[in-house]
Amino acid sequence: LADERKLDDAARCLQRALEVAEAGKPADRTLSPAQDAARTLAALCRQHGLVAQADALEAQADRLEAEALMLGKGLN
């Protein structure tokens, strides 16, 4: 039970990190670990059979990463 509670707490923290990143300005996201949070949460979802959620989080991570790259190159 303790491990499950820790996992739930970790998942909530990761989800909150993504919410904060999405609410921020795109320029702020270039310095954010939001992509890592999305990928970590996706891995947790996959471990628990939540494939659709994991796929959506991977797509979100890819989008955040692409935005950061575009901003870093001055394309946005």
**Q.** Nearest-0.5 Å distance, CD of residue E67 to CG of residue D62
**A.** 11.5 Å

Q | Inter-residue atom distance Q35.CD - L18.CG, 0.5 Å rounding | A | 9.5 Å

Q. Taking atom CZ of R39 and atom CD of E65, what is their separation to the nearest 0.5 Å?
A. 4.5 Å

Q) Is there a path of hydrophobic side-chain contacts, each under 4.5 Å between heavy atoms of I, L, V, M, F, W or Y residues, that connects L57 with L7? A) yes

Q: Sorted by first residue and then second, give each side-chain hydrogen bond (donor to acceptor under 3.5 Å, both in side chains) pair with at least one member in residues 9-19; sequence neighbours left out.
A: D9-R12, R16-E19

Q: Compare all side-chain heavy atoms of Q53 with those of L41 and state whether any distance is below 4.5 angstrom.
A: no

Q.
Suppose we screen for salt bridge (Lys or Arg N to Asp or Glu O under 4.0 Å). Which residues come up paired with D36, at least two apart in sequence or across chains?
A. none

Q: Taking all non-hydrogen atoms of both residues into account, name the closest pair between L64 and A34 and its distance.
A: CD1-CB, 3.8 Å

Q.
Could you report the tightest heavy-atom contact between A54 and A42, atom names first, then the distance?
A. CB-O, 3.4 Å

